[in-house]
Number of protein chains: 4
Amino acid sequence: MELNSKQVTIIETAEKLFADRGYDGTSVRNIAEEAGINVAMISYYFGSKEKLLEALFSYRAEGTTQKLVSMLANKVLNPLEKVNMMIEYYIDKFYNQTSFHKIMSREQVASRRSAIAGLIQGFKKRNQQLIKEIIQEGQKAGYFTKNIDIPILMSTLIGSISHAVTTQHFYREINNLQDMPEDQFQKMMKKKLNAHFKFIFKAILTHEV
Amino acid sequence: MELNSKQVTIIETAEKLFADRGYDGTSVRNIAEEAGINVAMISYYFGSKEKLLEALFSYRAEGTTQKLVSMLANKVLNPLEKVNMMIEYYIDKFYNQTSFHKIMSREQVASRRSAIAGLIQGFKKRNQQLIKEIIQEGQKAGYFTKNIDIPILMSTLIGSISHAVTTQHFYREINNLQDMPEDQFQKMMKKKLNAHFKFIFKAILTHEV
Amino acid sequence: MELNSKQVTIIETAEKLFADRGYDGTSVRNIAEEAGINVAMISYYFGSKEKLLEALFSYRAEGTTQKLVSMLANKVLNPLEKVNMMIEYYIDKFYNQTSFHKIMSREQVASRRSAIAGLIQGFKKRNQQLIKEIIQEGQKAGYFTKNIDIPILMSTLIGSISHAVTTQHFYREINNLQDMPEDQFQKMMKKKLNAHFKFIFKAILTHEV
Amino acid sequence: MELNSKQVTIIETAEKLFADRGYDGTSVRNIAEEAGINVAMISYYFGSKEKLLEALFSYRAEGTTQKLVSMLANKVLNPLEKVNMMIEYYIDKFYNQTSFHKIMSREQVASRRSAIAGLIQGFKKRNQQLIKEIIQEGQKAGYFTKNIDIPILMSTLIGSISHAVTTQHFYREINNLQDMPEDQFQKMMKKKLNAHFKFIFKAILTHEV
DNA sequence: GATGAATGAGCTTTCATTCAT
DNA sequence: GATGAATGAAAGCTCATTCAT
């Protein structure tokens, strides 16, 4: 789907508001006002509020899978290095697209907007398949142990990052970091989370610490 | 707060609907219809829709902290056994109160309903403090390594379980388990998650696998 | 109608609230809360909200006419003295029963609550008849000029006092009297209004100043 | 504020209903039905029911003050003639805008809708200031006596006319004029009231009859 | 005699969407 | 292609009153 600049503005405004207030907590009027456009434009360009949400998913999901593909096709890295790369990639992705992931983590729970649920499910399935392949590659090559439950492992990665990102303010508060500048805080968190998950994945995949 | 049986019915109906459709996606009329009561009853008993949500939080949160306290006051268990107990406890809690935790994970993201945000934050802070104490106890006794970032560790536990629970249907699908009876599935998942997190926590806390 | 003390409490609370917020702007719950009684009591004692308003009118109107009658039956005073007495009486009445007169001046405008409209109309008719008699007595005795339009004269008295009383705060403000104690202010106003209306009535009735 | 024809329809319908039933006694549905428009239009055009009332005040008040100003700037008339002109003006105004004045006299009593209360108070203050100027002009020129309490004098004019106008039906009944055509009745009343108030004002201002 | 519980009807306002231009 | 005007439907909440006890 080709998007003109006005459509992109709408989508990105919607993303911000959906993340802050939820899909149902955001009205098309809110979006229109924030984006500085006419209310009718949303129906005009996207057909409906729900279709706008779908468009947002397509907009953000596009590229993700292909990046994962190209990254994992790398011939030089060994399986553990690939896994570490994937960890880095996910942490970056969540921090760079916080709003989008807030929406996604909310929407995958709700069973109502089926078109969206289908999109998310398909998206996650594709990505998990890719990751499964690296891990199996590592298992075949003798790097990784057998009996690894990949969905649970991915839940650990994605669920944890998601939780950490969406509750950043809580982390700041509990550690008295309210005044640390956002970029410095993010840099620190990324570093900590990278070390944390690389340690965990190594332990699980190789039974070594 | 003392609740009569009608109030409990309303709260539990609301819990189910809020979990399925989100707070903003659920109308008080939806709740009233589902609960088989008059719409006006919700305002009558709780004052407003938002106060109903608060009542739901009190209703579910009540007892949790005190269970955690009593459980951890145990004098017989060593720190690692206590940590394992806590892991079991959280996994049970999420499976027994799935709806409630879906709501909580959504609501802690949204920044708007401040009364709720405050409740959740306070609740989590109290619980983290308790867990911190066990871990510090283990550190003093020489069981656990130093430099453990407790909020990140708890994000890993809670974020992961939450993610696993809220995306069960996805786990079933990816493993072709759509036909497994719910209780059998749950039993299996609990067992897997227990093993998974006990392994992770042991690795992180003791640097042994 | 015999009223017990609880009924009187309700009526007097209702009077205050009706005066401040209007009949439709006051809910039976407002009254019940303010009076410290159960909501159901209002229907229980008076039948309905509207009947409560009627009861209030009866409660306040009772005695007024008979006071007027007895006052004007006085054999010693001359007609102008009687008129002056009536002026004093009305000014006192408005100041002593401000709330009630606020309600009455509002309700006589509304055409909806017909039972009330009828009560007010009958009440005013009776009183005007009495006043008409004094004035005619004065005319027969040669004290007063002919061609006096009594309803217009009474509108001048009642409309003016009512307006002055209901806009007291405005009078205070325009004259920078916000800090004058209420009783002192009232005393001053009564004196001024008495002089003012006695002057006007004398001018109209006797063509002398 | 520019008003389109639909907005004017809404305002004038609201005026009629507010006058008959009071602000709180009139629902936006009543207005919408009577005006033949959709309920949502009222919020759409005015924002809220209360803002509609404010719009009505602006709509009616607009022009009043400036008419008063221009009228009183007249260089040819002497002060008493100006006062008489003002009396004529007020009587006309009340008869031509009966509904509006019913609402205003009700609303200035209620202390709740503060935006409206402020509008009314400001409006009256401005007008009283203008009248004060003519009277002071007359005093300086030796036409009028000293010690005139202008707010009380204006209460007499406005309170009386207001009372007379809002209780016209009573005047008709008491004088058996129920069958007189409205315009003829009004013409008669205006004439009577003019004579009445010109007489009173002359008496007060000049101490002559 | 008195009242807490309950309710249908109504309130004002906002919703996403459509339509005429 | 773009938009201001308009709307039916639904939102959350309050209303006066009734009823079982």
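Every chain is numbered from 1, with letters handed out A, B, ... down the list of sequences.
We find that CD1 of Ile42(C) is positioned 9 Å from P of dT17(F), with the value rounded to whole Å. A straight line from CE of Met41(C) to C1' of dA16(F) spans 16 Å, rounded to a whole angstrom. The nearest whole Å value for the distance from the OH atom in Tyr23(D) to the C1' atom in dC11(E) is 12 Å. The NZ-C1' distance, from Lys51(A) to dT18(E), rounds to 15 Å in whole Å. Distance Tyr44(C) OH to dA5(E) P: 19 Å, rounded to the nearest Å. In this structure, CG of Leu17(B) is placed 12 Å from P of dG12(F), rounded to the nearest angstrom. When the C1' atom of dT17(F) is taken as reference, atom OH of Tyr45(C) falls 18 Å away, rounded to whole Å. Between the CD1 atom of Ile10(A) and the C1' atom of dA16(E) there is a distance of 15 Å, given to the nearest Å.
Judged by Watson-Crick or G-U wobble contacts below 3.5 Å, the nucleotide dT14(E) has dA9(F) as its partner. Nucleotide dG4(E) has dC19(F) as its partner under the Watson-Crick or G-U criteria, with both atom distances under 3.5 Å.
For the pair Leu53(B) and Leu56(B), the minimum side-chain heavy-atom distance is below 4.5 Å.
In this structure, Ile37(B) and Val39(D) both approach DNA chain E, and ranking their closest nucleotides by distance from the 5' end singles out Ile37(B). Along DNA chain E, the nucleotide closest to Lys6(B) and the one closest to Arg29(B) are compared, and the more 5′ of them pairs with Lys6(B). For the pair Val28(B) and Ala40(C), both in contact range of DNA chain F, the more 5′-proximal nearest nucleotide belongs to Val28(B). When the nearest nucleotides of DNA chain F are assigned to Asn4(A) and Glu50(B) by heavy-atom distance, the more 5′-ward of the two goes with Asn4(A).
Closest approach of Glu107(B) to Ile120(B), counting heavy atoms only: CB-CD1, 3.9 Å.
Residue Ser43(C) has its side chain nearest to dT18(F) when only dT17(E), dT14(F), dT18(F) are considered. Of the candidates dT17(E), dT13(E), dT17(F), the closest approach to any side-chain atom of Ser48(C) belongs to dT17(F).
For the pair Lys102(D) and Phe18(D), the cation does not sit on the ring face, since its NZ or CZ is not both under 6.0 Å from the ring centre and inside 45° of the axis.
Defined by atom type and a distance below 3.5 Å, a donor-acceptor pair is present between the side-chain atoms of Tyr59(B) and Glu12(B).
Rounded to the nearest 0.5 Å, atoms CE (Met104(B)) and CZ (Arg60(B)) are 12.0 Å apart.
Contact annotation: Asn38(A) does not reach the phosphate of dA2(F) (side-chain N/O to OP1 or OP2, under 4.0 Å). Taking side-chain N and O atoms only, Ser27(C) has no distance below 4.0 Å to OP1 or OP2 of dT14(F).
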